[in-house]
Amino acid sequence: MSKTDKKAEKVVGVKDPFDPTRWGIPRRATREIAQEFEVFFREFHNCFKTRTWNNYQYAYDYMSGIMSMDGKRNFKNIERTMRGPGWDGDCIQHFISDSPWSEQAVFEKIQRQISQDPDFSGGILTIDESGDRKSGDGSAGASRQYIGNVGKKDMGQVGVVPGYYRDGNWAMVDAELYLPEKWFDGKHAPKRKKLNIPGDRVFKTKPEIGLEMVLRAKKRGLPFTAVTCDAVYGADGNLRKRLDDEKIIYMADVRCNTRVYLRKPSFQVPETPPGKQGRPYSIPRAVRNPRVRVDSIPGNSDVKFKTVRVRTTERGWLENDFCAIRVWTGSNNENIREEWLLIRKHENNKVSYSLSNAPGNAKLKDLAFLRCRRYFAERIFQDSKSELGWDELEARKYTSWMHHTALTSLALWFITSMKLKWSRLHPVDPDLAEELEVHVLPKLSVSNVRELFKAGFKRRKINPGDAENLVTTHLFNRARSTRSRLRQLRKKE
């Protein structure tokens, strides 16, 4: 909109669409957000204690750095930006890589605060993973493995992360670095010790790690109503069974070649035919009820799809065709289970399949709604990387990855908590959507809140004297390094 258009809006009797308060942004947001951060961080003050020291100041500087800087968020740049040019990053590096404070204390506090916020209660918990490429296997857990955001096998690290979502707000509530099985052989023992991998850590699959964190969140009282996950986790029958045993509703994607029963099977050991060579049959099999691949089901004439509006977007309603049928999974009479098979047809003719233990009387629109919540797990990763530098970590140790991820999660939770607070105290003007002729108004993004934070947070600026001292120190250190090398050469002569 041009300046002329803006002025035209500001006539008597016409509300200004550029008034921040109409968009749910308080007039003093940029001036108060730094104070809000001080209050917020004080609640996490004791999460950074060690046996002899409290590292809260380094945590404060690190979080301030990743929220206010736009790139190159390494240890040296963060410490110099937050503390001054005379700092070289060693203190921050020790805090992230070696200090024994507990990242789980941070995650537990985040989950507890979520449970105490009625506007954020009753959300969806999503298990997903995110990976980053590495140039070699020198970092904890680095191996040639499948990296989802790359779409192929490559050298890199992968973390399993539960995300929490409700009504346009999301948070990262736990994390664990995946360590491939080969990292636990005798050859890797020295490397495990060098990279601070806990001595009691044993190999766990990604579904086992994900299940462990879901059960931990349930024990801590995180108020989620269901769990969603992709096929890496949904294909694991034990994970789905354990969630069902815990009375946790799930919607788990499965691969197109997954086999299910369309009628409840009965298992028995087949009779051994006369004259059969070898051992007699001993494994129970389904009687007159073969399993079918899920991707063969949409072609059945009795399978009917229905168009469901799954959620609103800034471009209008998102609609897809869905159908849900009851199926049975399992390999014997003891573990046979009845589940919903939800089939979704996407806009690009792609078809996806999910299994759920939702009640037998669940409605199709409720199943479709639950399935589509997993989209927001990708938003968590996208915001954490593009806005908060989650993928900019250069350190190699297991402790570094865990600590860096915990502080990234805390920064994301601060931004989410500000959005929740402002939505209560400064609701969006309901007339805006009609005035702008849109169905849904865009909500504050992580990037939006970061811009306000950067404007309101006063970072240390370098004056000419500081700059001169910084350059002098740099030149002195280079000369000292050269002197050291020359001394070593003289000793060899």
Side-chain angles (χ1 to χ4, degrees), residues 124 126-128 146 148 151 207 210 226-245 248-268 270 283-311 317-375 377:
I124 304 297
T126 298
I127 314 170
D128 211 334
Y146 183 78
V227 171
T228 65
C229 57
D230 66 14
V232 172
Y233 306 88
D236 191 297
N238 181 62
L239 181 144
R240 301 200 317 271
K241 183 179 184 303
R242 285 291 308 279
L243 291 177
D244 191 52
D245 291 343
I248 297 173
I249 301 297
Y250 61 78
M251 178 64 71
D253 284 6
V254 293
R255 301 182 180 93
C256 62
N257 61 356
T258 301
R259 294 180 179 271
V260 299
Y261 297 98
L262 297 180
R263 302 188 309 274
K264 184 176 181 179
S266 176
F267 294 88
Q268 66 183 44
I283 300 176
R285 298 181 182 178
V287 180
R288 295 184 298 277
N289 188 7
R291 292 190 299 171
V292 299
R293 285 174 53 129
V294 294
D295 58 0
S296 69
I297 296 176
N300 294 349
S301 58
D302 58 339
V303 174
K304 306 298 181 183
F305 283 85
K306 182 179 179 181
T307 301
V308 179
R309 286 184 168 185
V310 291
R311 59 183 172 85
W317 281 98
L318 175 64
E319 298 179 337
N320 286 132
D321 291 340
F322 291 86
C323 78
I325 61 174
R326 299 296 276 174
V327 298
W328 286 261
T329 60
S331 57
N332 55 55
N333 288 319
E334 284 72 31
N335 66 10
I336 193 71
R337 296 175 54 246
E338 187 176 10
E339 299 177 89
W340 280 107
L341 172 64
L342 181 70
I343 305 175
R344 177 187 186 185
K345 291 183 177 179
H346 300 256
E347 297 87 347
N348 57 2
N349 295 322
K350 176 185 175 183
V351 181
S352 61
Y353 308 88
S354 308
L355 290 171
S356 176
N357 65 337
N361 60 354
K363 296 179 180 179
L364 178 61
K365 65 177 183 180
D366 294 330
L367 295 173
F369 173 85
L370 182 56
R371 166 60 182 82
C372 294
R373 297 304 92 184
R374 202 171 64 78
Y375 157 80

Chemist: Ignoring hydrogens and geometry, is there a side-chain-to-backbone donor-acceptor pair from Asp230 to Asp128 under 3.5 Å?
Modeler: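 Not at all, since once roles are kept as given, no pair shorter than 3.5 Å links the two residues.
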Chemist: For residues Arg291 and Thr329, determine if any side-chain heavy atom of one lies less than 4.5 Å from a side-chain heavy atom of the other.
Modeler: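 When only atoms from C-beta onward are counted, Thr329 and Arg291 do not touch, as no gap falls below 4.5 Å.
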Chemist: If you apply the rule side-chain contact (heavy atoms from CB on, under 4.5 Å), what do you find for Thr258 with Tyr353, and how did you get there?
Modeler: CA-CA 9 Å; Thr258 301; Tyr353 308 88; over 6 Å; no
Chemist: So do the side chains of Ile249 and Pro359 get within less than 4.5 Å of each other, counting heavy atoms only?
Modeler: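 Side-chain contact under 4.5 Å: yes.
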Chemist: Heavy-atom distance under 4.5 Å between the side chains of Val310 and Phe322, does that happen here?
Modeler: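 Yes, their side chains come closer than 4.5 Å.
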Chemist: Are the side chains of Leu318 and Glu347 in contact, using a 4.5 Å heavy-atom criterion?
Modeler: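 Touching, per the 4.5 Å side-chain cut-off.
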Chemist: Within this structure, what is the CD1-CZ distance for the pair Ile248 and Arg240, rounded to the nearest 0.5 Å?
Modeler: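 Ile248 atom CD1 to Arg240 atom CZ measures 14.5 Å (nearest 0.5 Å).
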Chemist: Enter the distance from Thr126:OG1 to Arg374:CZ here, rounded to the nearest 0.5 Å.
Modeler: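 With rounding to 0.5 Å, OG1 (Thr126) is 8.0 Å from CZ (Arg374).
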Chemist: More than 12 heavy atoms of other residues, nucleotides or ligands under 6.0 Å from OH of Tyr261: is that the case?
Modeler: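 Above 12, so yes.
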Chemist: Looking only at atom types and distance, does a side-chain atom of Asn300 sit under 3.5 Å from a main-chain N or O of Asp302, one as donor and one as acceptor?
Modeler: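 Not a single qualifying donor-acceptor pair exists.
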Chemist: To the nearest 0.5 Å, how far apart are CG in Leu239 and CZ in Arg242?
Modeler: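 Interatomic distance, Leu239 CG to Arg242 CZ, rounded to 0.5 Å: 9.0 Å.
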Chemist: Between Leu355 and Val327, is there a side-chain heavy-atom distance shorter than 4.5 Å?
Modeler: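 Sidechains of Leu355 and Val327: in contact.
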Chemist: Locate the shortest heavy-atom distance separating Asn335 from Gly330; write the atom from each residue and the value.
Modeler: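 Between these two residues, the closest heavy atoms are OD1-CA, 3.6 Å.
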Chemist: Can you list every salt bridge (charged side-chain N to carboxylate O under 4.0 Å, His left out) pair that touches residues 318-328, not counting sequence neighbours?
Modeler: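 Sorted result for residues 318-328: Arg309-Glu319, Arg326-Glu338.
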Chemist: Check whether any side-chain N or O of Ser356 sits under 3.5 Å from a backbone N or O of Tyr250 as a donor-acceptor pair, and report yes or no.
Modeler: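 Present.
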Chemist: Could you pull out the closest heavy-atom pair between Ala252 and Gly234, with the gap in Å?
Modeler: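 Of all heavy-atom pairs spanning Ala252 and Gly234, the closest is CB-CA, 3.5 Å.
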Chemist: Among Val294, Leu342, Leu262, find the one that has a side-chain contact (heavy atoms from CB on, under 4.5 Å) with Ile325.
Modeler: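 When Val294, Leu342, Leu262 are each tested with Ile325, the side-chain contact (heavy atoms from CB on, under 4.5 Å) holds only for Leu262.
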Chemist: To the nearest 0.5 Å, how far apart are CG in Leu367 and SG in Cys372?
Modeler: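 Going from the CG atom of Leu367 to the SG atom of Cys372 covers 11.0 Å.
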Chemist: Rounded at 0.5 Å granularity, tell me how far CD in Glu339 sits from CG in Asp244.
Modeler: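 Taking CD in Glu339 and CG in Asp244, the distance rounds to 7.5 Å.
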Chemist: Would you say the side chain of Cys256 lies within less than 4.5 Å of the side chain of Val351, judging by non-hydrogen atoms?
Modeler: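 The answer is no; the side chains never approach within 4.5 Å.
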Chemist: What I'd like to find out is whether the side chain of Val260 reaches to under 4.5 Å of the side chain of Ile297, using heavy atoms alone.
Modeler: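 Yes - at least one pair of side-chain heavy atoms lies under 4.5 Å apart.
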Chemist: To the nearest 0.5 Å, how far apart are CZ in Arg371 and CD1 in Ile343?
Modeler: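 CD1 of Ile343 is found 12.5 Å from CZ of Arg371.
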Chemist: Do Ser354 and Arg344 have side chains that get closer than 4.5 Å, going by heavy atoms?
Modeler: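 Ser354 does not reach Arg344 side chain to side chain.
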